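Beneath this line is the structure, given in structure tokens, with notes to follow.
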Amino acid sequence: MAITTTVTTTAAAATLADVLVPWFRAHARDLPWRRPETTPWGVLVSEIMLQQTPVARVEGPWREWLERWPRPSAMAAAPAADVLRAWGRLGYPRRALRLHAAARAIAADHDDVVPTDVETLESLPGIGTYTARAVAAFAHGRRVPVVDTNVRRVVARAVHGRAEAGAAAARDLADVEVLLPSDRADAATMSAALMELGATVCIARGPRCTDCPVADRCSWLQRGRPAGDGPARKAQTWAGTDRQVRGRLLEVLRGAPGPVPAAALEAAWLTDHAQRARCLDSLLVDGLVEQLADGRFALPGEAGDVG
DNA sequence: GACTCGTGGAG
DNA sequence: TCTCCAAGAGT
């Protein structure tokens, strides 16, 4: 992509950022992790919680977590079981386990300071391409593209004229990089603006184009909002899946004050014993459950053997 | 690249 | 009711 630093003589066309940055400043939701007093650790916790979980369900837990564990070292000192119980029903509890591991790594190897560069962030458990850049940009003001599902959808529509973004690809980063203003602070705001637009206006189902600040330059809109050609995504079944069973098993352990006998877990899923056994085994492999010497099961670190 | 991994709210 | 899907990561 060409470098677009040329300042044309008269009416240089306003860039996407010229429109979206002011729009964001006027319309951004007042989310707690966006406030200036939020620490990088607070930003990191929010980003992990927001992975595949809606904003509305994260706000409450996020406040509680930052009050309880205001620094990585505070969380590092807690057993994983405490973190998993506090995670509650946010879903995908492996995220909680990885955040706990990341907290321990930050406390032990980084002087309790959340790293600022993308590469180091990506080396931490649970921090991938998106989260590393989100922390670098939103917590540390780094000028790096931050690409999540919202951003990919906005770019697919406004820039490429397609109804939906395809599967995430390495190319997405370069796609967004060219949209960022040169100023670091503005670049971070632009990333937040792209995400906000995708989350509140340019949404997956029923996009609100009449409220869109860039409707006049949206390629998809100009093409008459053509339908997506994708084969859609495979139906996300739920009832009877391993995920449901794992959820039930973990729910029992979260609700118990301490280790439980095998029978307590067997009672959580009676329809298919083989499936229950398989899921319990996968939870043990994932480190979300531990088996004690006496045969009982517990959340990790609960018996005092760790942390 | 295709799968797996929780949970609950909206249309 | 049922389908979709929401600030992804890891394998």
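As the structure is a computational prediction, the values presented were derived from the model and not from experiment. Below, chain A is the first sequence line, B the second, and so on; all start at residue 1. We use all heavy atoms of the structure for the numbers below, so side chains are in, but hydrogens, waters and symmetry mates are not.
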What's [X] touching, base or sugar-phosphate or nothing? Going by heavy atoms closer than 4.0 Å.
| X | value |
| --- | --- |
| A/Arg254 | sugar-phosphate |
| A/Thr131 | sugar-phosphate |
| A/Trp33 | base |
| A/Leu31 | base |
| A/Thr129 | sugar-phosphate |
| A/Gly128 | sugar-phosphate |

query = Would the number of heavy atoms belonging to other residues, nucleotides or ligands and lying under 6.0 Å from CG of A/Asp294 be above 12?
reply = yes

key: base_contact_polar (B/dG6 base, A/Arg243 side chain, donor-acceptor, <3.5 Å)   = yes

message = Should the side chain of A/Thr53 and the base of B/dG8 be counted as holding a donor-acceptor pair, with the cut-off at 3.5 Å?
response = no

In whole angstrom, give the distance that lies between atom [atom1] of [X] and atom [atom2] of [N].
| X | N | atom1 | atom2 | answer |
| --- | --- | --- | --- | --- |
| A/Glu164 | C/dC5 | CD | C1' | 12 Å |
| A/Gln52 | B/dT7 | CD | P | 14 Å |
| A/Leu84 | B/dC5 | CG | C1' | 14 Å |
| A/Leu288 | B/dT7 | CG | C1' | 15 Å |
| A/Arg133 | C/dA7 | CZ | P | 19 Å |
| A/Leu90 | C/dA7 | CG | P | 15 Å |
| A/Arg248 | B/dG8 | CZ | P | 11 Å |
| A/Ile127 | C/dG8 | CD1 | C1' | 12 Å |

message = For A/Arg34 and A/Gly126, find the nucleotide of DNA chain C closest to each by heavy atoms; which residue's nucleotide sits nearer the 5' end?
response = A/Arg34

key: Closest-nucleotide ordering on DNA chain C, the 5'-leading residue of A/Arg98 and A/Arg153   = A/Arg153

[X], nearest nucleotide to its side chain (from [options]):
| X | options | value |
| --- | --- | --- |
| A/Ala204 | C/dC5, B/dG6, C/dA7 | C/dC5 |
| A/Arg94 | C/dA9, B/dC5, C/dC4 | B/dC5 |
| A/Arg89 | B/dT7, C/dA7, B/dG9 | B/dT7 |
| A/Val55 | B/dC5, C/dA7, C/dG8 | C/dA7 |
| A/Arg246 | C/dA7, B/dT7, B/dG6 | B/dG6 |

Cationic N near anionic O, under 4.0 Å, A/Asp186 to A/Arg143 = no

ask   = Is the closest basic N to carboxylate O distance between A/Arg133 and A/Glu122 below 4.0 Å?
value = yes

ask   = Does the side chain of A/Thr200 come under 3.5 Å of the side chain of A/Arg29 through a donor N or O and an acceptor N or O?
value = no

task = Using distance alone, with no hydrogens and no angle criterion, decide if A/Gln51 and A/Tyr130 have a side-chain donor and acceptor under 3.5 Å apart.
result = no

Phosphate OP1/OP2 of [N]: any [X] side-chain N/O under 4.0 Å:
| X | N | result |
| --- | --- | --- |
| A/Arg57 | C/dA6 | no |
| A/Arg95 | B/dT4 | no |
| A/Ser282 | B/dC5 | no |
| A/Arg205 | B/dG9 | no |

task = With DNA chain B as reference, determine whether A/Ala170 or A/Gln244 sits nearer its 5' end, using the nearest nucleotide of each.
result = A/Ala170

query = Relative to the 5' end of DNA chain B, which residue comes earlier, A/Leu283 or A/Ala169, by the nucleotide with the nearest heavy atom?
reply = A/Ala169

note = Within residues 194-203 of chain A, those residues having any heavy atom closer than 4.0 Å to DNA chain C are A/Met195, A/Ala199

key: Exam field: side chain A/Gln275 to backbone A/Gly240, donor-acceptor pair closer than 3.5 Å   = yes

ask   = Is it true that a side-chain atom of A/Thr38 and a backbone atom of A/Pro32 form a donor plus acceptor pair closer than 3.5 Å?
value = yes

ask   = Which word best sums up how the rings of A/His27 and A/Trp23 line up, parallel for under 30°, tilted for 30 to 60°, or perpendicular for over 60°?
value = parallel

request  = Provide the distance between the two P atoms, one in B/dG8 and one in C/dA9, to the nearest whole Å.
outcome  = 22 Å

task = Take atom C1' in B/dA2 and the same atom in C/dA7, then report the distance between them in whole Å.
result = 22 Å

request  = Among residues two or more places apart or on two chains, list those pairs meeting salt bridge (charged side-chain N to carboxylate O under 4.0 Å, His left out) that have a residue in residues 60-72 of chain A.
outcome  = A/Glu59-A/Arg63, A/Arg68-A/Asp82

query = Who passes side-chain contact (heavy atoms from CB on, under 4.5 Å) against A/Pro22, sequence neighbours left out?
reply = none

